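What follows is a short report on a single structure.
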Amino acid sequence: MNKVIAALESMDYGPSLEDPGPALAWLQASEARFGHFINGRFTPPRETFAVLNPATGAELAQVSQGSAADVDAAVRAAQSAQPKWAALSGHERAKHLYALTRHLQQHARLLAVLEVLDSGKPVREARDIDLPLVIRHFCHHAGQAEILEDEFPGHLPYGVCGQIIPWNFPLLMLAWKVAPALAAGNTLVLKPAEYTPLTALAFAEIAREAGLPKGVVNIVTGDGVTGAALVAHPGVSRLAFTGSTGVGRQIRRDSAGTGKGLSLELGGKSPFLVFADADLDAAVEGVVESIWQNQGQVCCAGSRILVAEAVAGRFTSLLKRRMARLITGNPLDKNTDIGAIIDPKQRARIADLVALGVAEGAELFQGAAPPGCFYPPTLALGVEPASTLAREEVFGPVVTLTAFRTPEDAIALANNSRYGLAASVWSENVTLAMDIAARLKAGVVWINAANLLDAAAPFGGIRESGFGREGGRDGMAEYLRLPPARASRAEADLPPPVTRPGEAMAGPGIDRTLKLYIGGKQVRPDSGYSYRTGGGKIAPGLAPLGGRKDIRNAVEAARAAKGWTATSAHNRAQVLYYLGENLSARAAEFGARLQSLGQKPAAAGAELATAIRRIFWYAAQADKYDGRVQACKAAHLTLTIAEACGTMGLVCPEAFPLLGPVSLLLPAIAMGNRVVLIPSQSQPQLALELIQVLETSDLPGGVVNIVSGPRDELARTLAAHEDLDALWYFGSSAGARAVEEASAGNLKPVWSEPGGARSWATGAGQGREFLARATQLKTIWLPYGA
Ligand code: NAI
């Protein structure tokens, strides 16, 4: 008996190769030369470049480098197809998406193998993870199209979407982008990554075969230059990008001020936390899925293991034992765990980063890998939190391991990153796991699992991991918008304020000295100056001239007021009701102040009444707007929690001196944010008077900070501030461009509407959209019924 066991244990796996024949035959059918897919047909190949198999270096096909003219032709095709596509009923679009699903199912084997040849990922993954998820995605979104009119009444598609995707999950990222865009009634131009365009081209053929109307899906191949042309095209009204943080930042800058919708799904350095009471064997398997799936070329890969000191030794030896059994090599072999790295350049980048890590003191434990474009599974021990391997996204099969003492340490280490995409928490104690999940800075948290994805579960990050969500209802919402309710007059550019050096701030139009409001105190501006307000129909006056230093102090005060975010929704609702009551009690005074700015009594009365109602509406929403629970895969629930963004900058419109600030302030603080508000430049008095009401309403100091002055200059300082988490800007077009550009540093989400002012007095000035923009979703995966 022992002999049999010994023989079994010493046996090696024989290769079990997947047949690449059908995929190669598909390539040959087009003589392995491809043009773009525009308006339902392939263009002749032109200016082609080679697409290689990363595992062998062999050429698979020649693909065209898309020019600006190709992008233009594709966008035009999408534009002319869009009205008809959007005019179909949700049910009709659903039928198209179901047809696509079925055709994808029929070709699943071919697509999986083509993906393996093109990307180097192991066939087991392409077959068992990528393709089932692709199919699930189209199927789920067929359903989303079906129920669209009930779920999103009154919403419209954007028009033409420009979508740019990376090479790590070529077909899956296509599915994530294409399915919701089509379900919502958009048409699109998609640019696959230059390394991996083949499954997108096969998808184009499948779309044609499935009878998708021409022009609805267009695919233009090429590199970053082609991508940039798509970003720049004025016919595109919404952009979606997945890829590196560097390119995401570039796209943020390139699209600034254009009014194009934007979502960015960028890099990560996700923590993988193992607590002392975790099932260590399961956690080791979790690491395999987390960092060695797809050679670690996964944006949400758990590349930083943080393990409780008490079990660190045992966990490390279990992990090393598992690593020794991982098979790196031929991606077509069904036994392979780790396939080829996408390109020699990328492999060299991984090797360089690891060498840097070693030079900084990391100790390596590595598995085996054959020669060529392969990299062995690598565990880096003794890595300091500040070192390269702990901070940089390696995008390879490399994981660090650090021990922690207490849950507090674990949280501090986990959140010590400029990214915030995902996290994985391993503990048998659900109380501990959920407490940790609540405190992690991440868009997705898996409890006792890793890298789970589902079409119904929103996915996406915070901080430098980008913004926007893909999947589920929230992912659908990203491809829809409400028809803009515009005011008759657009927000104009503002002249620089005329300052009054060193002078008391009392003057005509106001009867007392107004001050800035920072950290719960009324303070003089750092400049000591005031500036002249008013102009046109607005009565002249004076207000404190805030500057950069005041903005920095205000952001600091807002950051410090963390208690507001932690307080219960019930308590926040109480404070907001109190605020509403206090403003009502002073209605006569505020009405008179509105009139003193030059408003007619009826207009002043209407603005005041709407502002008061609006406060009560958000007080009511404070404990009602929340997340949802999605039933995804069997044995898992996903909880989507709407969390406060943190610190927000709110830049008010020029019109509506009271209703403007109220419309921005209330949704933000109702959701638990702490804010820095920049009021109207020409009539900031009402916002500054509001301080009296805030102070008597039990609102803790620092939750609301108000800095008046040169609005757009102050807004730019806020936009560039690295410690601000989100910004709303409702000023001019030029101002919107400037703040969006300046926001590219920490990639804070910016909500702005260049080219038009909202009609604040109507329903467009209030609603769930404001609450959605004041929150960011955290998706927590919880075992359920397992
Ligand atoms: P990348 O971000 O350059 O490429 C992603 C896509 O963006 C490709 O389709 C590319 O053609 C396009 N692109 C490049 N420059 C563009 C521009 N200026 N405007 C518009 N589109 C542009 O990623 P790359 O260079 O292939 O990989 C480098 C690093 O990026 C990786 O080592 C990894 O750290 C990270 N990465 C992260 C991904 C993720 O899913 N978060 C995916 C791919 C890469």
Side-chain angles (χ1 to χ4, degrees), residues 49 51 54 63-66 68 71 118-121 130 162-170 172-174 176-177 189-200 219-233 236 239-256 260 262-270 293-301 303 341-354 375 388-389 391-398 418-422 443-444 451 453 459-461 463-468 470 744 747:
F49 61 92
V51 176
V63 163
S64 300
Q65 165 69 17
V71 168
D118 203 7
S119 73
K121 69 172 65 204
D130 293 44
Q163 310 187 314
I164 298 170
I165 56 172
W167 39 260
N168 51 352
F169 293 90
L172 183 56
M173 289 302 107
L174 175 148
W176 278 28
K177 302 264 180 295
V189 179
L190 176 117
K191 194 204 80 66
E194 52 272 44
Y195 291 133
T196 54
L198 298 180
T199 44
I219 291 176
V220 179
T221 53
D223 59 13
V225 176
T226 314
L230 184 55
V231 169
H233 200 292
V236 171
L239 292 163
F241 171 76
T242 299
S244 61
T245 295
V247 172
R249 218 170 245 138
Q250 189 59 44
I251 291 176
R252 167 69 291 180
R253 288 196 191 101
D254 290 348
S255 63
K260 289 174 186 168
L262 177 63
S263 57
L264 299 174
E265 202 269 275
L266 310 174
K269 190 79 192 172
S270 299
Q293 183 191 345
N294 202 17
Q295 300 71 254
Q297 302 168 134
V298 180
C299 51
C300 54
S303 50
I341 301 297
I342 188 71
D343 187 80
K345 260 199 274 176
Q346 198 65 21
R347 192 199 173 284
R349 184 176 173 274
I350 297 168
D352 288 350
L353 283 169
V354 170
Y375 198 85
T388 309
L389 284 183
R391 298 172 62 87
E392 294 301 316
E393 182 180 43
V394 178
F395 228 59
V398 181
R418 55 184 198 275
Y419 295 112
L421 189 50
V444 184
N451 283 10
L453 305 170
F459 182 92
R463 298 177 165 178
E464 291 186 27
S465 294
F467 47 78
E470 295 182 289
L747 284 164

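Only this structure's heavy atoms are used, side chains among them; waters, hydrogens and symmetry mates stay out. Counting convention: from 1, in listed order, for ligands and their atoms alike. Worth saying up front: this structure is predicted, and the values here are computed from it rather than measured.
- A pairwise comparison of heavy atoms in Leu230 and Val236 identifies O-CG2, 3.8 Å as the closest pair.
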Tabulate below the donor-acceptor pairs under 3.5 Å that side-chain atoms of residues 189-199 make, not counting sequence neighbours, or state none.
| residue | atom | partner | partner atom | Å |
| --- | --- | --- | --- | --- |
| Lys191 | NZ | Gly222 | O | 2.8 |
| Thr199 | OG1 | Glu115 | OE1 | 2.8 |

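- The salt bridge (charged side-chain N to carboxylate O under 4.0 Å, His left out) test applied to Lys269 returns no partner, not counting sequence neighbours.
- Applying the salt bridge (charged side-chain N to carboxylate O under 4.0 Å, His left out) rule to Glu464 yields the partners Arg249, Arg418; only residues at least two apart in sequence or on another chain are considered.
- Listed by chain and number, Ile164, Ile165, Pro166, Trp167, Asn168, Lys191, Pro192, Ala193, Glu194, Asp223, Gly224, Gly227, Ala228, Phe241, Thr242, Gly243, Ser244, Val247, Ile251, Leu266, Gly267, Cys299, Gln346, Arg349, Glu393, Phe395 each place a non-hydrogen atom less than 4.0 angstrom from ligand 1.
- The side-chain heavy atoms of Cys300 and Phe459, taken from C-beta on, include a pair separated by under 4.5 Å.
- Within the 4.5 Å cutoff, the side chain of Cys299 has heavy atoms near those of the Leu421 side chain.
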